[in-house]
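Both counts, for ligands and for their atoms, begin at 1 and track the order of listing. Position 1 is the first residue of the sequence, and the numbers go up from there.
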Amino acid sequence: MQIIERVLEMQRWSESERRQGRRIALVPTMGALHEGHLSLVRDGKVRGDRVVVSLFVNPAQFAPQEDFASYPRDFERDRELLNDTGTDVLFHPAVEEIYPEGFETRIEFGELSKPLCGAVRPGHFSGVATVVATLFNIVRPHVAIFGCKDYQQLQIIRRLVRDLNFDIEVIGHPTVREGDGLAMSSRNAYLNPEERKAALCLYRSLRHAEEMVRRGEWCGAAIVDAVRGEIAREPLARVEYATLCDPESLREVERVEETALLALAVRIGKARLIDNIILKP
Ligand code: PAF
């Protein structure tokens, strides 16, 4: 596995691979890798001839009071995992390489960035979209793979690609879960054993909602109330949002019609955990 730290070198590598007719798959990450990330890399290996993984903790997507400084970082471990998973290039730029002095551009979103995480993390998706567009221009992938756990992020990137005419296929990879159902996340590292147990309330509540729909309950308020009730039974958990919305526009819906996205953000100790499920009648 090659490690590239400079933008120009990354661009040259990609240009040369493209000229040789190879298909490049990109998996953007912020490191602190887990099985969820590695399954994106494996997916990339199937979809592309070469897999590039970017590892960059992007300061632009953290608000000042958020966990940028304490975000888990373990470069050596990440490097080994990526090497063992068959990554071709690990792109690991310094902050000044991505945001050199004088960098001023921000990509702003409209309606898609307003609900769910966007409502509690203003500026977050602008930071995500800006760095992802930058990475697209540096790595020039044919295909880019993102996890469905960050559903709103995935929708925003899909829209970014469509609106700005990036010639890139965006793949949403199904959420990878621990054996007991907890969605894998770098932020699970913040949970102590008691909080780790409490965190199961997210998946439990989503499954409960799925079961309600299976039994014929299509009313959004009833489903969301039940989800909130399930989470309220866990004293360490505090719901930030539990919302039923349209999976494309992310606008809130009152009923599960064809499909609906049930999205959750829950605080447990220092961790802010998100999860979601697509409900179908
Ligand atoms: O999902 C993440 O890890 C980040 O938001 C991403 C897409 C790598 C952009 O920094």
*Could you verify whether a donor N or O on one side chain and an acceptor N or O on the other, from Gln20 and Ser16, lie under 3.5 Å apart?*
yes
*Could you tell me whether Glu15 and Arg18 make a salt bridge, using a distance below 4.0 angstrom between a side-chain N and a carboxylate O?*
no
*Does Gln153 reach ligand 1 with a nitrogen or oxygen that is under 3.5 Å from one of the ligand's nitrogen or oxygen atoms?*
yes
*Closest to atom 4 (C) of ligand 1 (judged by heavy-atom distance), picking from His37, Lys149, Gln61*: Gln61
*Under 4.0 Å from any heavy atom of Val131, which atoms of ligand 1 are there?*
9 (C), 10 (O)
_Steps toward side-chain hydrogen bond (donor to acceptor under 3.5 Å, both in side chains) verdict (Asn58, Tyr71)_ = CA-CA 10 Å; Asn58 173 32; Tyr71 194 82; over 6 Å; no
*asked:* For Arg187, is there an ion pair with Asp67 - N to carboxylate O distance below 4.0 angstrom?
replied: yes
*Run the numbers for me: atoms of ligand 1, each under 4.0 Å from some heavy atom of Thr29, listed by number.*
8 (C)
*May I ask you to list the atoms of ligand 1 that are less than 4.0 angstrom from any heavy atom of Pro28?*
8 (C)
*Under a 4.0 Å heavy-atom limit, does Ile157 contact ligand 1 with its side chain, its backbone, both, or neither?*
neither
_Any side-chain to backbone donor/acceptor pair from Glu230 onto Arg207? Under 3.5 Å, distance only._
no
*Give the residue, atom name and distance (to 0.1 Å) of the protein heavy atom nearest atom 3 (O) of ligand 1.*
Met30 CG, 3.6 Å
_Regarding Glu66 and Arg272, does a basic nitrogen lie under 4.0 Å from an acidic carboxylate oxygen?_
no
